[in-house]
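A, B, ... follow the sequence lines: proteins, then strands. Residue 1 opens every chain.
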There are 2 protein chains.
Amino acid sequence: MAKIKDVAELAGVSVSTVSRVLCNGPVSDKVRKRVEAAMAKLDYRPNLAARRLRSQHTDTIGLIVSDIRNPFFTAVSRAVEDEAYRNGMRVILCNTDEDPEKEAMYLKLMREERVTGVILAPTRHSAAALDTESLGFPVVMIDRTPAQGDGDAVVLDNRRAAAQLVEHLLAAGYRDIGGLFGNTSSTGAERHAGFVAALDHAGLPAPARFVPPSVEAAEAAVSAWLAEPDRPRALLISNGIFMLGAVRAIKAAGLCLPHDLALAGFDNEVWTGLIDPGLTVIEQPVDEIGRSAMAMLLARLEDPARSHRHVVLQGKLVPRGSSAPLRQ
Amino acid sequence: MAKIKDVAELAGVSVSTVSRVLCNGPVSDKVRKRVEAAMAKLDYRPNLAARRLRSQHTDTIGLIVSDIRNPFFTAVSRAVEDEAYRNGMRVILCNTDEDPEKEAMYLKLMREERVTGVILAPTRHSAAALDTESLGFPVVMIDRTPAQGDGDAVVLDNRRAAAQLVEHLLAAGYRDIGGLFGNTSSTGAERHAGFVAALDHAGLPAPARFVPPSVEAAEAAVSAWLAEPDRPRALLISNGIFMLGAVRAIKAAGLCLPHDLALAGFDNEVWTGLIDPGLTVIEQPVDEIGRSAMAMLLARLEDPARSHRHVVLQGKLVPRGSSAPLRQ
DNA sequence: CTGAAAGCGCTTACAG
DNA sequence: CTGAAAGCGCTTACAG
């Protein structure tokens with residue numbers, strides 16, 4: 001493939017001059033035209049590896065999530081990529097499957113790529129132990145947040161959102177409310193805290209179960225729970241993946257929403273509005289989360305010394321039939 | 001960040017030797033240990049940009065799809081990425097939104113990255129005009145296939161799959177069957193061909209409509225169609241995105257599946273099994289499509305001269321309530 | 001098994 | 001505005 005030297009020879013100029021037209025440096029119009037003609041003729045495309053090596057900036061960001069197939073991360077990723085390309089950056093996408101080892105491996109890879117920065121949904125392990133400062137590049141966390149609470153992050157107000165769902169269920173007349181939460185992420189822990197706080201405030205017990213992050217685990221847990229004699233009258237489900245398992249379990253048990261069981265949860269996935277009688281959910285501002293994370297990263301690059309901050313976004317309650325008011 | 005020279009100095013060897021332990025070249029055990037100790041001490045990580053520039057292989061593949069949020073592409077992407085990382089390659093993901101200009105831009109970017117190869121779901125434009133040979137890197141097409149039919153590709157047997165759905169509907173007693181297809185991809189055209197062929201074979205008309213690839217367009221088209229006096233008794237819907245629009249239109253029209261209208265379509269998305277009475281679909285082997293595409297790319301790199309081939313995978317009919325037998 | 005030298009394709013001071 | 005030279009951090013022949 002043609003290189004800068006070929007272009008220079010064809011145009012009768014030095015490589016420096018070709019480089020200048022590439023980077024919009026000061027070049028006379030006449031020369032610029034000639035160089036551009038040569039580039040077109042040779043179908044020249046600059047070699048990004050060479051440029052990155054020499055210029056010492058890669059214009060690359062890493063995006064590390066648990067699984068791109070989780071619709072929440074799908075949507076966030078798309079928003080991040082759009083923003084990145086708009087800013088002349090490219091993104092390297094990695095799936096950890098909540099596995100700290102994979103996460104550590106990808107973090108190493110990010111160093112080898114000399115990425116400009118990373119947007120990370122940390123596993124529980126790294127949220128607790130990761131030293132954001134020593135990585136050599138800035139990190140913006142999304143969805144999950146480190147235990148210590150420092151570092152840059154864009155998160156949902158999980159406590160508030162969970163409390164909001166509980167209050168909604170209480171207002172609809174439900175009292176016996178159970179909660180299902182993930183046992184690997186800070187998100188699950190925070191939503192659990194909001195759940196407990198809201199029920200506490202109402203003087204009610206807050207029975208909760210914790211499961212690993214899979215549809216199957218959620219389905220099994222809900223099935224088992226629903227088979228117990230003192231099963232709850234309403235269920236709060238901590239994310240969209242679990243919601244799927246819960247709906248399957250409810251169908252399998254032959255229960256009718258909301259007549260036999262009320263249901264409310266997280267993530268306004270397309271199907272939650274489609275299945276009867278509609279699922280009450282907290283909608284997360286997925287596009288805004290992606291855009292904000294990218295904006296924070298750019299701001300951090302601009303000013304490495306600025307103080308860390310957490311952007312906490314509010315979810316939006318989307319009430320549907322699955323939590324319709326209880327009729328005695 | 002530490003570079004190879006720092007490691008060499010600390011270990012008291014030449015940079016060549018450090019490079020050799022990096023690439024598992026021939027090095028004495030004693031020296032290797034010393035170098036590894038120096039690397040660990042300096043927390044050394046090789047610079048991939050430098051390695052790529054010098055070695056002339058990037059171990060990078062491009063993955064260009066229309067939209068990662070389309071669950072079909074989400075699943076395929078994840079499979080491609082897993083295979084890629086397993087083979088020591090990384091992937092650059094791009095979304096074209098079916099826009100030929102974006103596609104052309106990303107294809108240029110791929111050249112600048114000097115990618116090893118590309119997996120591409122071509123827009124209708126490029127499927128017609130793209131010269132796979134002149135790009136400078138091998139391309140494996142997925143989902144869509146170029147008009148001329150040459151090049152490497154992994155596709156579904158779309159004609160057969162659509163015919164299978166029609167035959168299923170016919171066997172269930174439906175006669176008045178309409179079809180909704182995408183107007184931008186070869187996939188839509190092929191499914192339409194299978195639809196027409198199967199109905200032709202039964203001596204029946206094959207009313208079809210074509211829409212741009214969006215939920216909204218599908219919803220509007222189905223709404224309009226259902227409002228007509230001679231609306232079909234059954235609908236074949238050409239993909240998972242359109243299916244969503246169709247279900248919304250059907251709900252809005254207050255029609256009951258399959259009593260008022262039978263429905264069958266493509267893509268076994270999670271929600272198709274969840275909404276009542278269950279949607280009959282053709283399930284695509286998404287993981288296999290991703291893995292096969294990656295395998296074809298690797299085989300092509302291995303042997304650039306081997307003849308082009310199309311891998312044609314069969315879909316699997318998943319019959320559900322939406323196409324239950326018609327009772328007179 | 002080890003080292004010295006060249007060079008991948010750019011950008012970046014430094015002169016003019 | 002333009003060019004000659006150095007160098008980014010590696011790998012790759014080439015000697016020994």
Side-chain angles (χ1 to χ4, degrees), chain A residues 1-36 38-39 42-60 88 90 108-116 136-137, chain B residues 1-36 38-39 42-60 88 90 108-116 136-137:
Chain A
M1 201 172 289
K3 47 195 186 181
I4 218 173
K5 200 177 153 209
D6 304 319
V7 176
E9 282 169 5
L10 183 59
V13 297
S14 72
V15 295
S16 318
T17 298
V18 177
S19 175
R20 276 188 206 97
V21 345
L22 240 30
C23 307
N24 287 312
V27 187
S28 73
D29 270 7
K30 211 180 73 184
V31 171
R32 161 165 276 123
K33 291 256 184 285
R34 230 165 57 221
V35 171
E36 279 168 353
M39 286 178 172
L42 295 172
D43 194 20
Y44 171 76
R45 292 270 110 207
N47 181 319
L48 292 182
R51 175 177 287 177
R52 289 186 186 118
L53 173 59
R54 177 59 237 241
S55 72
Q56 300 286 68
H57 46 80
T58 58
D59 291 341
T60 297
R90 106 207 126 103
K108 269 185 195 158
L109 179 63
M110 296 301 106
R111 296 194 61 204
E112 300 189 350
E113 293 278 0
R114 302 296 191 269
V115 293
T116 309
F137 45 75
Chain B
M1 202 173 288
K3 47 193 185 181
I4 218 173
K5 200 176 153 208
D6 303 319
V7 176
E9 281 169 5
L10 184 59
V13 298
S14 71
V15 295
S16 319
T17 298
V18 177
S19 175
R20 275 187 207 100
V21 344
L22 239 30
C23 307
N24 286 312
V27 186
S28 73
D29 270 8
K30 211 179 74 186
V31 171
R32 161 166 278 123
K33 292 255 184 288
R34 233 169 49 225
V35 171
E36 281 168 352
M39 286 178 171
L42 296 172
D43 195 18
Y44 170 76
R45 292 271 112 205
N47 180 320
L48 291 183
R51 176 177 288 178
R52 288 186 187 118
L53 173 59
R54 177 58 236 242
S55 73
Q56 300 285 69
H57 45 81
T58 58
D59 291 342
T60 298
R90 104 208 128 107
K108 269 184 195 157
L109 179 64
M110 296 301 106
R111 295 194 62 203
E112 300 189 349
E113 293 278 2
R114 302 294 192 270
V115 293
T116 308
F137 45 74

### Query
Salt-bridged, Glu9(A) to Lys3(A), with N to O below 4.0 Å?
no
### Query
Side chain of Thr17(A): nearest nucleotide among dC10(C), dT2(D), dT11(D)?
dT2(D)
#### Entry: Phosphate-side-chain proximity, Ser19(B) and dT11(D), N/O vs OP1/OP2 below 4.0 Å
yes
### Message
What is the separation between atom CE on Met39(A) and atom C1' on dC10(C), rounded to the nearest whole Å?
### Response
12 Å
### Summary
Whole-Å distance, Arg34(B) CZ to dC1(C) P, equals 15 Å
### DNA chain D: 5'-proximal contact among Leu53(B) and Ser16(A) (nearest heavy atom)
Ser16(A)
### Nucleotide opposite dC14(D) in a Watson-Crick or G-U pair, distances under 3.5 Å
dG3(C)
#### Entry: Atom pair distance, as rounded to whole Å: NZ in Lys5(B) and C1' in dA4(C)
14 Å
### Task
Respond yes when some side-chain nitrogen or oxygen of Gln56(A) is under 4.0 Å from OP1 or OP2 of dC10(C), and no when none is.
no
### Message
So Arg52(B), base contact, sugar-phosphate only, or nothing? Heavy-atom distance under 4.0 Å.
### Response
nothing
### Task
Whole angstrom is fine here: how far is it from CG in Asn47(B) over to P in dC8(C)?
18 Å
#### Entry: Working for salt bridge (Lys or Arg N to Asp or Glu O under 4.0 Å), residues Arg51(B) and Glu112(A)
CA-CA 10 Å; Arg51(B) 176 177 288 178; Glu112(A) 300 189 350; 5.5 Å; no
### Query
Picking from dT11(C), dC10(D), dT2(C), which would you name as closest to the side chain of Arg51(B)?
dC10(D)
### Task
Measure the distance from CD on Glu9(B) to P on dT2(C) and round it to the nearest whole Å.
18 Å
#### Entry: Any Ser55(A) side-chain nitrogen or oxygen under 4.0 Å from OP1 or OP2 of dC8(D)
no
## Note on the structure
Closest to the side chain of Ala50(A), out of dG9(C), dG9(D), dT2(C), is dG9(C)
### Query
Would Arg45(B) and Glu113(A) count as a salt bridge (Lys or Arg N to Asp or Glu O under 4.0 Å) if you check the C-alpha gap in whole Å, the side-chain angles of each, and the deciding distance to 0.1 Å?
CA-CA 9 Å; Arg45(B) 292 271 112 205; Glu113(A) 293 278 0; over 6 Å; no
### Query
Please give, in whole Å, the distance from dC8(C) P to Arg54(B) CZ?
7 Å
### Message
Distance criterion of 3.5 Å, no angle test: do you see the side chain of Arg20(A) paired donor-to-acceptor with the base of dG3(D)?
### Response
yes
### Query
So, Ser14(A) versus Thr17(A): side-chain donor-acceptor pair below 3.5 Å or not?
yes
### Task
Using atom CE of Met1(A) as one end and atom C1' of dC8(C) as the other, report the distance to the nearest whole Å.
15 Å
### Query
Roughly how far, to the nearest 0.5 Å, is CG of Leu10(B) from CE of Met39(B)?
11.0 Å
### Task
Could you state the atom-to-atom distance from CG of Asn24(A) to P of dT11(C) in whole Å?
12 Å
